[in-house]
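Chain letters run A, B, ... following the sequence lines, proteins first, then strands; residues in each count from 1. As the structure is a prediction and not an experimental result, all values here were calculated from the model.
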Number of protein chains: 2
Amino acid sequence: MSSSSQNSSPPAEKNAKAPSRSRGLKRVSALLDGASAVFAEAGYEAATMTQIAARSGASIGSLYQFFPTKEHVAAALHARHLDTLAGMLDLLAGEVRGHSVEAAVDALFARFVAYLEDNPAFLAVSERRSLDPAVKKEARARLRGRIAALLGAVEPPIAEARVASLAAVTLHLIRVAAMLRADDDESVRAPAIAELRTMLKGHLAGQPG
Amino acid sequence: MSSSSQNSSPPAEKNAKAPSRSRGLKRVSALLDGASAVFAEAGYEAATMTQIAARSGASIGSLYQFFPTKEHVAAALHARHLDTLAGMLDLLAGEVRGHSVEAAVDALFARFVAYLEDNPAFLAVSERRSLDPAVKKEARARLRGRIAALLGAVEPPIAEARVASLAAVTLHLIRVAAMLRADDDESVRAPAIAELRTMLKGHLAGQPG
DNA sequence: CCTTTATATGAGGATACCCTCATGTTTTTA
DNA sequence: TAAAAACATGAGGGTATCCTCATATAAAGG
């Protein structure tokens with residue numbers, strides 16, 4: 001009932017042993033970093049446990065000591081990123097309180113998209129087919145809630161009834177913007193992103209009823 | 001140099017033998033249908049050639065007779081869907097010529113999103129990691145071009161300079177709408193899609209300069 | 001120091017997958 | 001009808017992956 005995510009159970013059945021000594025803590029951290037790199041480059045499914053171990057400077061046995069399954073690795077990484085993002089959004093909500101929607105959207109886009117670009121492994125594990133749909137839904141709901149809180153703090157206020165669905169749309173647009181940057185090339189990318197932000201701001205500032 | 005896609009070369013090197021007799025034509029059709037089902041359920045990477053053959057009512061050997069690689073299967077499926085979609089958009093462009101942007105967007109959303117929902121294998125092969133980026137870019141450009149043509153035919157006309165980037169945004173929003181339907185649940189999905197369409201229409205009808 | 005617990009290691013078992021190939025069957029051609 | 005070409009089949013080779021396990025080292029406790 002405290003802060004971060006001690007839940008977010010991996011798959012189930014096989015329970016990963018958490019590290020207790022400081023050496024173990026460092027190892028899992030290194031393992032997650034290595035996994036991030038491999039997932040980012042190869043995607044979840046093509047990533048291999050051997051690659052992850054090598055990239056982390058650990059043996060395959062050490063990897064399996066803490067993560068009995070590739071799924072467990074992805075789940076841990078997912079949870080770690082969600083916690084970070086949630087914290088970032090909480091901070092941001094405080095910063096933009098009382099500001100205009102335009103300013104809030106600009107800040108939100110800038111930071112969120114930057115995060116997704118800097119952490120491609122997050123998208124990789126977020127969209128893997130093996131991710132439990134319930135966990136996926138919960139993760140989206142969590143981010144949506146944070147965005148709704150952020151949108152609810154701008155001035156002049158947005159009609160309360162619209163905040164929820166606007167938050168949903170905003171979250172998806174952010175994802176699109178991130179995918180845009182990865183997919184298209186510069187000539188079509190830049191104007192498209194500008195168009196996306198303009199569109200969102202116009203819509204959010206639009207008729208409140 | 002005529003109509004459909006005799007290009008769209010699979011990977012390369014190994015060239016698939018095209019069927020010449022009618023039996024062969026039926027077989028490749030059945031194989032692509034089976035592949036569609038398997039790709040839709042399992043995704044490209046987890047799909048196995050054995051599953052595809054079984055689902056198609058063919059032996060593994062027959063599958064490899066026409067598609068020397070899983071990549072070839074995906075490439076063929078991709079090309080087939082692109083041709084179908086392009087044709088659909090051409091028809092639609094004719095239908096909405098002279099209509100309002102609102103009507104055009106409604107029709108476009110309805111048909112395109114329905115197509116993506118009815119053919120989940122298309123998204124699966126479109127987003128597989130092994131897809132050659134050049135082919136991916138070309139595919140997007142093709143669809144974008146069709147949408148631009150469609151948007152260029154509405155009345156009153158949209159400023160010509162904006163059409164290209166608006167088409168890009170529209171294409172991405174359609175994808176988001178399709179993903180929305182697959183991901184979120186009903187309570188958040190319906191209002192979010194409505195919001196997306198409203199937003200796009202408002203933006204497209206907005207200030208022309 | 002000695003016992004106990006945590007962490008480390010890499011060879012290899014089990015499995016699944018991609019794809020080949022030798023052989024058989026159907027259809028076309030002459 | 002006979003020869004040729006296209007298509008069909010499934011056992012199995014080669015390989016790669018996930019994961020286990022017996023064993024070894026480092027750290028903590030008493």
Minimum side-chain heavy-atom gap A:S130-A:E71 below 4.5 Å:
yes
Considering only heavy atoms from C-beta outward, does the side chain of A:I147 approach that of A:F112 to under 4.5 Å?
yes
Nucleic acid contacts - residues 20-46 of chain A versus DNA chain C, non-hydrogen atoms under 4.0 Å:
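Correct list: A:S20, A:R21, A:R23, A:G24, A:R27.
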Mind calculating the distance between [atom1] ([X]) and [atom2] ([N]) to the nearest angstrom?
{"X": "A:F67", "N": "D:dT17", "atom1": "CZ", "atom2": "C1'", "answer": "19 Å"}
{"X": "A:F66", "N": "C:dT9", "atom1": "CZ", "atom2": "C1'", "answer": "13 Å"}
{"X": "B:I52", "N": "C:dC19", "atom1": "CD1", "atom2": "C1'", "answer": "13 Å"}
{"X": "A:E71", "N": "D:dC19", "atom1": "CD", "atom2": "P", "answer": "10 Å"}
{"X": "A:L63", "N": "C:dT7", "atom1": "CG", "atom2": "P", "answer": "15 Å"}
{"X": "A:Q65", "N": "C:dT5", "atom1": "CD", "atom2": "C1'", "answer": "11 Å"}

Is A:T48 touching bases, backbone alone, or none of the nucleic acid, heavy atoms closer than 4.0 Å?
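Sugar-phosphate, no base atom in range.
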With a 4.0 Å cut-off on heavy atoms, is B:A47 in touch with a base, just the backbone sugar-phosphate, or nothing at all?
sugar-phosphate
Looking at A:A40 and A:A121, what are the two nearest heavy atoms and their distance?
CB-N, 4.0 Å
Would you call [X]-[Y] a salt bridge at under 4.0 Å N-O?
{"X": "A:R111", "Y": "A:E95", "value": "yes"}
{"X": "B:K26", "Y": "B:D33", "value": "no"}
{"X": "A:E45", "Y": "B:R128", "value": "no"}

Could you measure the distance from the CG atom of B:L150 to the CZ atom of B:R97? Nearest 0.5 Å is fine.
9.0 Å
Between the opening five pairs and the closing five pairs of the helix from C:dC1-D:dG30 to C:dA30-D:dT1, how far apart are the helix axes, to 10°?
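The end axes of the helix from C:dC1-D:dG30 to C:dA30-D:dT1 are about 10° apart, to the nearest 10°.
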Measuring centre to centre across the rings, with the benzene-like ring taken for any Trp, is A:F67 within less than 6.0 Å of A:H72?
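A:F67 vs A:H72: aromatic centres not under 6.0 Å.
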First of B:K70 and A:S62 reached from the 5' end of DNA chain C, by closest nucleotide:
A:S62
For a quick test of reading the model: is some side-chain N or O of B:S59 closer than 4.0 Å to OP1 or OP2 of D:dA8?
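For D:dA8, neither OP1 nor OP2 has a side-chain N or O of B:S59 closer than 4.0 Å.
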Pairs touching residues 51-64 of chain A that satisfy salt bridge (Lys or Arg N to Asp or Glu O under 4.0 Å), sequence neighbours left out:
A:E41-A:R55
Proximal nucleotide (of D:dC7, D:dG10, D:dC19) relative to the A:I60 side chain
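So the side chain of A:I60 is nearest to D:dC19.
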Toward the 5' end of DNA chain D, by each residue's nearest nucleotide, A:Q51 or A:G61:
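Looking at the nearest nucleotide for each, A:Q51 comes out on the 5' side.
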